[in-house]
Structure formats: structure tokens, C-alpha cells
Amino acid sequence: MEALKRCKVAVVGSFVTDLVVHVPRRPRAGESLMGTSFAIYLGGKGINQAVAAARLRAIAHMIGRVGNDQFGESFLRAMEEEGVNGEFVVIDQEEGTGIGMPVIDDEGSNSIIFIPRANTKVSVQDVERARAVIEDADVLTVQLELPVEASHAAARIAKDAGRTVVLNCAPYHPIGDDFLRLVDYLIPNEVEAEQLFGISKEKEDLLDSAKARSLVKETGCKAIVVTVGEEGSILMDAKGVRQIPAPSVQAVDTVGAGDAFVGAFCVAVGSGMEIAKAVELANAAGALSVTRHGAMPSMPGRDELIDFLMRTGKMKDRTRE
Ligand code: RIB
């Protein structure tokens, strides 16, 4: 595996405080169910991906909005501690910081209720103010927890500057062809892939080579990478489709695994890594993140990721880092 370089990653995305409950199973409608634990973690797809990149020693810039409240303060402190540049993070005076309510069952799988609050105020003007940072980044990553016009504007700036654009289309929101045409790498999970393209979650459908090639052609993306949880990822590009397995681990909390994947993928691609290798590295980052609790706190560090890749036989020679 090639070296991870100190590339520049810009993230236009969300801040969400996760109020996490653990339950043996999800409650049925009308049922009161005793949970087993509660914790508050910093999260939100945007900042999770920025921290994931920064922990792999990328130069990470975050663009978004927090509220003028204690959750917002925690994010500003965390960005300083994590070395994420927050020069273009606005403290919104009207809306509070975004809130997420992940419900995690005994298998470690999750469902999340998301209340965007200040994230809904991220505007095209906010993005324009950060133009220089976006133009200067090797890779821009955007998700869909913000008004879609803001993510779209960021993608347009990056594309016009000849930068690589990653769209993690989560949570699902319809996206127009004009936005899609700006995207180099599209990363949905299997549910979002079904919502976006109508590809069923069945493996035969996801691994249908002719379908994959025509989807890649239709979208104009260099590749579509569908994350499929513990089974790794499905890489679709002009050559066809292949499944790239993830290392197997004991999951305790899967919240943020997709963000660990996307953050690591951006750093790998920004380092010039070949696409299948970038997906392999991103799979490993996602796998490591599910072995501990919380979203943002679970993002792996660079040394830890390299050790893990060596242990699982995916990286042979540390000196080539
Ligand atoms: O991708 C995981 C994140 O999505 C969580 O941190 C939660 O806040 C939701 O926004």
C-alpha cells in the first residue's frame, strides 16, 4: 500500500451532538422499553469526517455552523484539540447546535433520528466565504445533512478549481444531475444506494457488472463506492464491479463507521492512492471505528490504522508510509 501523505481535505458539513441510547432491541410502536445505557458524544457526519482526516494527519478544514450553546462550545474546543481548522465555522445566534439520537441495539447496529437545527442555516454565502480554502484543498467532501444548495455550491467551487469532489450522499436526499456531474466519488451505503438508484440491497443486484458500469456512466462519477457494513464495500467503476471485504472485528457501536470510511478515503485519494487500495484502507478505518463507542471519538489515528493494516496483512512495509 502506498504512503498516506499530508494532503489537504476540506469538509463542508454538519455538527451534531449525539444523545446515544443503548437498547436490547428497538421498541415497537406504543411500547415502553428499558434501555441499558445513555451517553453524549460529539458527532455529525461533517465533523466526524474532518476529525477522521485530521487524525490521519491531513490538513483538515471544517465549514459549517454550530449554535451559541454549550454543545457548540464543545465542538469549538474539540476542533482545537483535534487540529481541525475551524476558521469558517459560524456560531449561529438563532438556532441551537444540531442534535442526533442514535439508538444502538445489542448487535451494535444503529438507527438515528437527526434534528439539524443550526446545520439548516449553512448557506451558499457561508461556503463562498470559505472559497479560498476549498480551492486550495486536494479533496472536498460533502454530505447531505446541510441544505443541498450549500453542498452543491461547495462542489462547484472545488470542481472549477480542478479538485477532487467526494459526495457521501447521507442521509438520502434527491440530488440533481447538475450536482452529480461535479462529483468524482459518490459514497452511499446500501440503503442510500437503493433510495438513489433503485438498486436493491440484494448482492446479485449490487454486484451486477453491466448495471454498475451503466450507473457509473450515467452519473459521470469516476467511481461509486457502496458501503455494506461488516462486509466491506462494493466498488463500481468503468471496469465493472468488485467487492472489497472489510477486516472482521467485534462491533460495539457502528455510529460514525461510514464517516471513518469517508474521511480515510479522502486522505487516501488525496495522497494519490489507487482507488481499490483507498477503499481497502477506508474499510479498515471503518472497522476500527466500530470497536469503540461514540462517533467522533471513535475515528482511528494514523499509527493505529497502519498497525491494524499490517496485522491484517494489508500493508507489508511500514517504511513506505
Ligand atoms: O454518520 C453518523 C452521524 O450521523 C452521527 O454522528 C449522527 O450525528 C448523524 O448525524
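All ligand and atom numbering here is 1-based and tracks the order in the structure. Because the structure is predicted, anything quoted here is derived from the model rather than measured.
The neighbour count for Glu31 CD, taken as heavy atoms of other residues, nucleotides or ligands under 6.0 Å away, is above 12.
At a threshold of 4.5 Å between non-hydrogen side-chain atoms, the residues Ile134 and Arg163 do not count as touching.
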Item to check | Full working for side-chain contact (heavy atoms from CB on, under 4.5 Å) between Ile234 and Leu207 | outcome: CA-CA 8 Å; Ile234 292 173; Leu207 288 170; 4.1 Å; yes
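For ligand 1, the 4.0 Å heavy-atom shell takes in Val16, Asp18, Gly43, Gly44, Lys45, Asn48, Ile112, Glu145, Val255, Gly256, Asp259, Ala295, ordered by chain and residue number.
For Arg26, the salt bridge (Lys or Arg N to Asp or Glu O under 4.0 Å) criterion is met by Asp105, not counting sequence neighbours. With sequence neighbours excluded, the residues that form a ring-ring contact (aromatic ring centres under 6.0 Å, His included) with Phe265 are Tyr185.
Taking a 4.5 Å side-chain heavy-atom cut-off between Ile, Leu, Val, Met, Phe, Trp and Tyr, the cluster of Val16 extends to Phe114.
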